[in-house]
Amino acid sequence: MSTSIDLKEFRGAYLAEVGEHLSLSNAKMLEIEDSLKRGQASFRAIRELFRLLHTIKGLSAMVGVDTIVTLAHRMEAILRRADQRTMELSLDAVEPLFHGLRAIQEVVVALSKGRPIDPPSNVLIARLEAVEAHGKPASESPGGERVLDLEPALDAKLARFEREQLINADREGRRVVRIDFVPSPKKAELGFTINSVRERLGSIAEIVKVVPVAVPATEDAPGGLCFVLMLVTLAEDSELAAAVGGPEVQVRPLVHAPPPPAPDPAFSEIPGGSVDDDDLHARNVLRVDVQRVDEAMERLAALIVSRSRLTRVLDDVAQVDGALGRELKSIVEESGRQLRDLRASILRIRTVRFAEILARLPLVVRGLRRSSGKDVTLATDAGDAELDKSVAERLFPALIHLVRNAIDHGIELPDERERSGKPRQGTLTVSATVLANREISVQVSDDGAGVDREAVARQLGGVVPEADDGLLNALCRAGLSTRRVATTGSGRGMGMDIVKKIVVDQLGGTLSLANHPGKGAIFTLRVPLTVAIVDAFVVRLKEDKFVVPVVSVEDIVEVIPGAAVRGATPYGLVALMAWRGTSVPLVELATLFGMTPVADSTAVRHGVIVRRGSERVGFVLDRVLSQQEAVIRPLVDPLVQVPGISGSTDLGDGKSTLVLDLSALAHALLTHGRYGEPN
Amino acid sequence: MPDLVVHQQDKEREERAVLHVLFKVFDAEYALPVDTVLQMESFQGATPVPGAPEFVTGIIQIRGRVIPVVDLRIRFGFPPAPLTLDSRVVLGRHGERAVALLVDSAREVLTIPASVLKPPHKLLEGDRGGFVSAVAQLGSRLVMVLDFAKVIGEESLDVV
């Protein structure tokens with residue numbers, strides 16, 4: 001479509017503009033509601049909201065975002081009616097309008113993230129239509145909401161007007177039915193071809209749509225083709241069946257009321273349904289570019305470095321003047337605490353509520369419900385869990401995979417569920433708790449069929465172990481066998497390898513599975529709240545760069561040649577350096593790592609002091625270059641599991657940079673007197 | 001499809017022939033079955049890991065994964081060679097592990113029929129030769145098929 005090209009070209013400007021109009025619309029909506037509650041007129045706000053929505057509709061039509069056009073159009077119609085008849089909106093209309101704005105917002109978000117857009121929710125459109133017609137939502141009118149009972153593939157074939165035609169006909173009390181006609185030589189002999197069927201049906205019913213679909217070919221019907229006829233009629237089933245070729249023909253009703261106790265999760269996501277609170281909260285929220293927070297963090301890092309210089313100079317002053325020195329010292333110590341607090345505060349800015357992350361799931365589930373034809377309700381519970389935004393953003397794709405798997409592979413089709421004595425509607429639960437060890441545990445559980453061990457074994461072409469751990473490992477491997485995935489379509493390749501990569505490799509967490517065949521599966525993932533992304537010093541040692549997590553560092557000192565007492569030890573030259581009223585051994589990191597140390601350099605070098613238990617050790621390296629955030633990946637392969645090296649990170653140059661665990665190095669030195677294999 | 005015209009006899013032989021990736025280390029030719037090999041990449045240097053075994057050149061990043069590189073020259077007891085434009089890493093897989101092998105060059109993929117595979121000579125089973133699982137005689141060429149698990153030091157953990 002040409003519209004997709006336009007969309008790309010204008011997306012940025014379009015999104016910004018619609019975003020602006022949306023927030024104004026929300027404000028107007030609040031104004032209207034406020035007036036309504038106080039029993040006052042709000043013509044002006046209604047007219048302004050109308051104008052805003054009209055603009056949004058126009059912009060969206062230009063770039064071909066049909067979902068927004070449809071929504072805005074429906075909402076506009078409600079407002080126009082209220083305006084033209086100089087009749088106020090009823091309070092009942094307020095909520096559907098808010099839902100409409102929220103739905104538009106969702107599309108805007110999806111677009112800005114490059115995610116696919118769903119057509120507008122049928123339920124929402126029906127509500128808005130009902131408000132337009134009666135001035136209040138349909139759920140309170142006797143007709144109730146109506147949805148089409150169609151496979152998603154068929155549903156997608158219907159144009160909006162056709163869908164409306166079917167639903168309206170039902171609302172008007174006519175029968176809306178579906179007949180599947182499978183042509184066969186036998187039927188053709190008796191005179192029933194698709195053309196003759198069309199003709200006969202046309203005389204007793206209104207044919208709204210005929211969709212040909214491929215079906216498995218049988219002996220009777222080798223064509224492998226089926227025509228799904230969607231009709232509006234007043235005729236009886238028997239008459240219809242006769243027109244299509246016999247009493248065995250099934251006539252199925254096409255329009256349904258949606259299951260009453262299951263409101264669309266897109267709505268249930270609104271906490272308490274209280275628009276006021278929700279919006280007030282939103283108004284107190286500041287949207288900040290992460291880069292600005294990082295900037296603040298960098299400034300703070302510079303401050304920390306100057307503070308450690310100050311501390312060093314202070315040690316000399318304290319020796320010169322006792323009283324003044326002590327006072328200065330206490331001030332500097334105080335500033336150290338303040339800096340730590342400030343750092344914690346800045347990190348808190350980067351913290352997001354996990355509930356906000358989970359709030360994106362209903363939209364995903366809605367999409368999957370449509371594409372899979374499964375009936376699923378989503379329950380989320382994140383409690384008060386909060387975690388670093390970058391962890392949350394990395395974790396989200398893993399959650400999506402687990403949710404998709406649960407719906408695509410776990411939860412059965414409604415009929416199948418009924419046969420195994422389960423409620424037709426499946427339940428998917430995503431919950432999160434913060435553990436005592438600064439980890440978050442996220443559970444994705446469903447009440448479906450569980451993981452099919454046999455199917456996984458077939459997929460892998462091998463035997464899958466009995467234990468859940470083994471099964472999980474097999475699942476995570478399945479994604480690797482790309483050849484198989486390609487041939488089995490949806491397969492069970494399932495992207496579990498991606499989940500594992502994110503959770504285990506990127507975030508340093510764990511993944512576990514509790515599989516209950518026939519009853520469901522529970523995937524649990526545990527990741528650190530923050531530590532996977534650490535604030536780290538980048539240091540240089542000869543030509544190599546290393547990264548040292550800031551938290552492990554007690555101090556950074558300048559090592560001036562000749563200022564320390566030297567002594568030879570099995571692990572190279574050790575110098576003792578005076579530090580904060582005590583002495584700290586300095587160890588040449590280069591020697592420790594088997595590199596030739598710098599021969600009698602006169603350059604001032606840096607020492608990084610770490611503490612292990614009550615002992616302190618200083619590691620001498622060439623230079624502390626900078627401080628930055630680093631995503632740490634653990635080194636998992638036994639070949640490179642070395643004490644003192646906790647992982648690898650990418651500083652942005654596409655290469656691996658080693659992360660040093662100096663505290664572990666100190667421990668190795670203190671307990672074994674040397675560095676290398678612990679035994 | 002050409003397979004359809006293959007004679008029954010050829011077909012049987014075909015079934016027992018395995019596609020191998022061939023590479024050179026210190027002028028000798030080695031091979032790994034393709035199902036062990038994930039991919040091949042040119043080599044731009046690795047990040048050395050202090051404290052790791054000597055034959056581990058370092059770690060590299062491939063598609064976001066951090067992978068150790070085993071220098072086969074050093075692993076086999078040969079002197080290390082300077083990197084050239086021909087230097088390649090052959091990324092192999094063993095169970096959960098992915099390990100890259102640094103080789104002098106790798107530019108051939110060859111089907112080796114099972115019939116030409118012979119058990120390695122006794123002398124090859126010594127300190128260095130434990131890595132060779134079979135020797136293939138292809139005309140005048142001798143190709144040593146590597147036991148990847150042993151190369152990456154996993155002989156005892158390997159459960160089939």
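All values derive from a computational prediction rather than experimental measurement. Order of the sequence lines sets the chain letters (A, B, ...), proteins ahead of strands, with each chain counted from 1.
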query = Cation over ring, B/Arg73 on B/Phe26, under 6.0 Å and within 45°?
reply = no
request  = Give a yes-or-no answer on whether the side chains of A/Ser656 and B/Thr47 include a donor-acceptor pair shorter than 3.5 Å.
outcome  = no
key: Closest heavy-atom pair and its distance - A/Val527, A/Val391   = CG2-CG1, 4.1 Å
Side-chain donor-acceptor contacts of residues 134-145 of chain B below 3.5 Å, not counting sequence neighbours, with atom names and distances?
from     : atom 1 : to       : atom 2 : distance (Å)
B/Gln137 : NE2    : B/Gly139 : O      : 3.4
B/Arg141 : NE     : B/Glu29  : OE1    : 3.0
B/Arg141 : NH1    : B/Glu108 : OE2    : 3.2
B/Arg141 : NH2    : B/Glu29  : OE1    : 3.4
B/Arg141 : NH2    : B/Glu29  : OE2    : 2.7
B/Arg141 : NH2    : B/Glu108 : OE1    : 2.9

remark   = Okay, B/Ile60 and chain A: the region with an atom under 4.5 Å from a heavy atom over there is backbone
ask   = Given that the side chain runs from C-beta out, which part of A/Leu639 has a heavy atom under 4.5 Å from chain B: side chain, backbone, both or neither?
value = both
request  = Mind checking salt bridge (charged side-chain N to carboxylate O under 4.0 Å, His left out) for A/Arg540 and listing every partner two or more places apart, or none if nothing turns up?
outcome  = A/Asp622
note = If one checks every heavy atom of B/Val56 against chain A at 4.5 Å, the contacting part turns out to be side chain
key: B/Ala98 portion near chain A, given a 4.5 angstrom heavy-atom threshold   = backbone
remark   = Per-residue tally against chain B (heavy atom, under 4.5 Å) across A/Val640, A/Leu635, A/Thr657, A/Asp544 peaks at A/Val640
